[in-house]
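Below, chains carry the letters A, B, ... as their sequence lines are ordered, and counting in each starts from 1.
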Number of protein chains: 2
Amino acid sequence: MPTPHYGQPRYLAIAAELRERIENGIMPPGSLLPAESALAAEFRVARGTIRKAIDVLREDGYAATEHGRGTYATGSSYDHSGNREARQQEVPADARMAALFEVAVGTPLIERETVIRRYQQVESVVRAYRLGTAEA
Amino acid sequence: MPTPHYGQPRYLAIAAELRERIENGIMPPGSLLPAESALAAEFRVARGTIRKAIDVLREDGYAATEHGRGTYATGSSYDHSGNREARQQEVPADARMAALFEVAVGTPLIERETVIRRYQQVESVVRAYRLGTAEA
DNA sequence: AGAAATTTGTCCGTATGTATC
DNA sequence: AGATACATACGGACAAATTTC
């Protein structure tokens, strides 16, 4: 079979499905998601595709992954991987952000803070702000 | 050859190298980076590894990618005429930043703000903080 | 306008490294 | 120590957007 992705890429569709399960309580916050290999089998895709879907969930704050352990459903995430640490939270848009994003002041934004370390020392801290998930 | 990643994963090392080229002006802001295939050849890695490195750059606001076109460097210490997409300024370290960088509160930090647009709309705003001291 | 070349995007299958159980 | 699970990396194939001819 080739690799068609008519309309929406598979990893986005799978991410949407998993997100729904989290919101519907099928996978309540705190619970462990099935292993990537299990999800790959269920959706009949390669494991890499499942990992991309989980990346999306993590970016949107719906899940947090820990090395050898698994991926948890969550509300606000904490992520620790390698030399980079990231944590994510919702913050209200201040005047400048509101102007840039063209939304009302106070609109919730997702702030992701990444701490980049280099030889035990903090090299830089990056804060990225985005609106909540957009698109259909 | 197996796939060892002693110490730092290759994609992070490559991301650091590319980031340095952007900051050092080898790949000035606005310029197009070499194609993924070219970078893969240069670093002697698979294309997927280059893509992961570029993902990191994009997350940190150093690059923006367009389908079919290429990846642009976006990091900047100046602004090009009219609509500036990136600006840089000195700000004093607040309590959290001081703790992370292990310096005194009020120590000057360099804040670089990049506005990432995607098809006319602001997609995200990235603020990167680093110490004002020079480093390699 | 149309075709070809270039470049990024998605997806597969496999192998191996590394952390946790 | 062994099993399980996530992380990194490879190489190949095809899709989709852009540029070039």
Side-chain angles (χ1 to χ4, degrees), chain A residues 1-18 27 31-59 62-74 77-86 114 117 135, chain B residues 1-18 27 31-59 62-74 116 118-120 123:
Chain A
M1 227 75 100
T3 311
H5 45 281
Y6 305 111
Q8 203 180 24
R10 312 237 11 203
Y11 75 91
L12 282 183
I14 293 172
E17 165 66 23
L18 294 178
M27 295 168 173
S31 69
L32 208 52
L33 266 62
E36 294 171 355
S37 53
L39 291 172
E42 179 192 339
F43 289 100
R44 295 155 174 278
V45 296
R47 203 183 128 214
T49 302
I50 294 295
R51 284 179 63 74
K52 282 208 73 175
I54 291 179
D55 283 348
V56 173
L57 293 181
R58 197 165 33 233
E59 275 172 27
Y62 285 97
T65 301
E66 287 176 44
H67 201 145
R69 223 193 226 95
T71 298
Y72 297 92
T74 178
S77 74
Y78 179 82
D79 175 36
H80 189 289
S81 58
N83 300 323
R84 302 167 69 81
E85 289 173 61
T114 304
R117 287 197 166 81
E135 108 276 349
Chain B
M1 230 102 71
T3 311
H5 44 278
Y6 304 113
Q8 198 178 223
R10 310 221 35 191
Y11 74 90
L12 281 183
I14 292 171
E17 166 66 23
L18 294 178
M27 293 170 174
S31 70
L32 211 50
L33 266 62
E36 293 170 356
S37 53
L39 290 172
E42 179 192 339
F43 289 100
R44 295 158 174 278
V45 296
R47 198 183 136 215
T49 302
I50 294 295
R51 285 181 63 77
K52 281 207 73 173
I54 291 179
D55 283 347
V56 173
L57 293 182
R58 198 166 31 236
E59 274 174 27
Y62 285 96
T65 302
E66 286 175 44
H67 192 167
R69 214 189 188 88
T71 298
Y72 295 91
T74 59
I116 298 174
R118 191 171 180 104
Y119 310 124
Q120 327 287 37
E123 184 179 79

Original post:
What does the inter-axis angle of the helix from C:dG2-D:dC21 to C:dC21-D:dG2 come out as, five pairs per end, nearest 10 degrees?
Top reply: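 The angle, to the nearest 10 degrees, is 10°.
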Original post:
Taking all non-hydrogen atoms of both residues, which atom of A:I14 and which atom of A:A53 are closest, and how far apart?
Top reply: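 The pair with the smallest heavy-atom distance is CG2-CB, 3.9 Å.
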Original post:
Any idea which heavy atoms bring A:T71 and A:A63 closest together, and the distance?
Top reply: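 Closest pair (atom of A:T71, atom of A:A63, distance): CG2-CB, 3.7 Å.
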Subject >> Partners passing side chain to side chain contact (heavy atoms under 4.5 Å, CB included) against B:S31 (at least two apart in sequence or in another chain) >> reply: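 By the side chain to side chain contact (heavy atoms under 4.5 Å, CB included) rule, B:S31 matches B:M27, B:P28, B:A73.
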**OP:** Quick one: list whatever passes side chain to side chain contact (heavy atoms under 4.5 Å, CB included) with A:Y72, sequence neighbours left out.
**Re:**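 With neighbours one apart ignored, the set is A:L32, A:E66, A:R69.
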Subject >> B:T71 side-chain proximity, nearest of D:dA5, C:dT8, D:dA9 >> reply: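 Between D:dA5, C:dT8, D:dA9, the one nearest the side chain of B:T71 would be C:dT8.
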Original post:
Which nucleotide in the set C:dT7, C:dC11, D:dA9 lies at the smallest distance from any side-chain heavy atom of B:A35?
Top reply: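 The listed nucleotide nearest to B:A35's side chain is C:dT7.
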Just how far, in rounded Å, is [atom2] of [N] from [atom1] of [X]?
X	N	atom1	atom2	value
B:D55	D:dA9	CG	P	13 Å
B:Q8	D:dA7	CD	P	17 Å
B:R58	C:dT8	CZ	P	11 Å
A:L33	D:dA5	CG	P	13 Å
B:E36	C:dT6	CD	C1'	12 Å
B:L57	C:dT8	CG	C1'	15 Å
B:R10	C:dG17	CZ	C1'	14 Å

Subject >> A:K52/A:D55 ion pair, N-O < 4.0 Å >> reply: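 Here A:K52 does not pair with A:D55 in a salt bridge, since their nearest N and O are not under 4.0 Å apart.
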[X]: which residues meet the side chain to side chain donor-acceptor pair (under 3.5 Å) condition with it, sequence neighbours left out?
X	result
B:E123	none
A:T49	none
A:E36	A:R47, A:R51

**OP:** Establish, with yes or no, whether the OP1 or OP2 oxygen of C:dC11 is under 4.0 angstrom from a side-chain nitrogen or oxygen of A:Y11.
**Re:**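 For A:Y11, the contact criterion (side-chain N or O under 4.0 Å from OP1 or OP2 of C:dC11) is not met.
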Subject >> Positions of residues 39-52 of chain B (non-hydrogen atom under 4.0 Å from DNA chain C), listed by number >> reply: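 Close to the strand are B:R47, B:R51.
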Rounded to the nearest 0.5 Å, what separation is found between the [atom1] atom of [X] and the [atom2] atom of [Y]?
X	Y	atom1	atom2	value
A:T74	A:Y62	OG1	OH	11.5 Å
B:L57	B:T65	CG	OG1	8.5 Å
B:R10	B:R44	CZ	CZ	10.0 Å

Find every protein N or O atom lying less than 3.5 Å from an N or O atom of nucleotides 19-21 of chain D, and list the pairs.
from: D:dT19; atom 1: OP1; to: B:R69; atom 2: NE; distance (Å): 3.4
from: D:dT19; atom 1: OP1; to: B:R69; atom 2: NH1; distance (Å): 2.6
from: D:dT19; atom 1: OP1; to: B:R69; atom 2: NH2; distance (Å): 2.5

Original post:
Does A:H67 get its side chain close enough to the base of C:dT20, under 3.5 Å, for a donor-acceptor pair?
Top reply: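 When only heavy-atom distances are counted, A:H67 does not reach the base of C:dT20 through any donor-acceptor pair under 3.5 Å.
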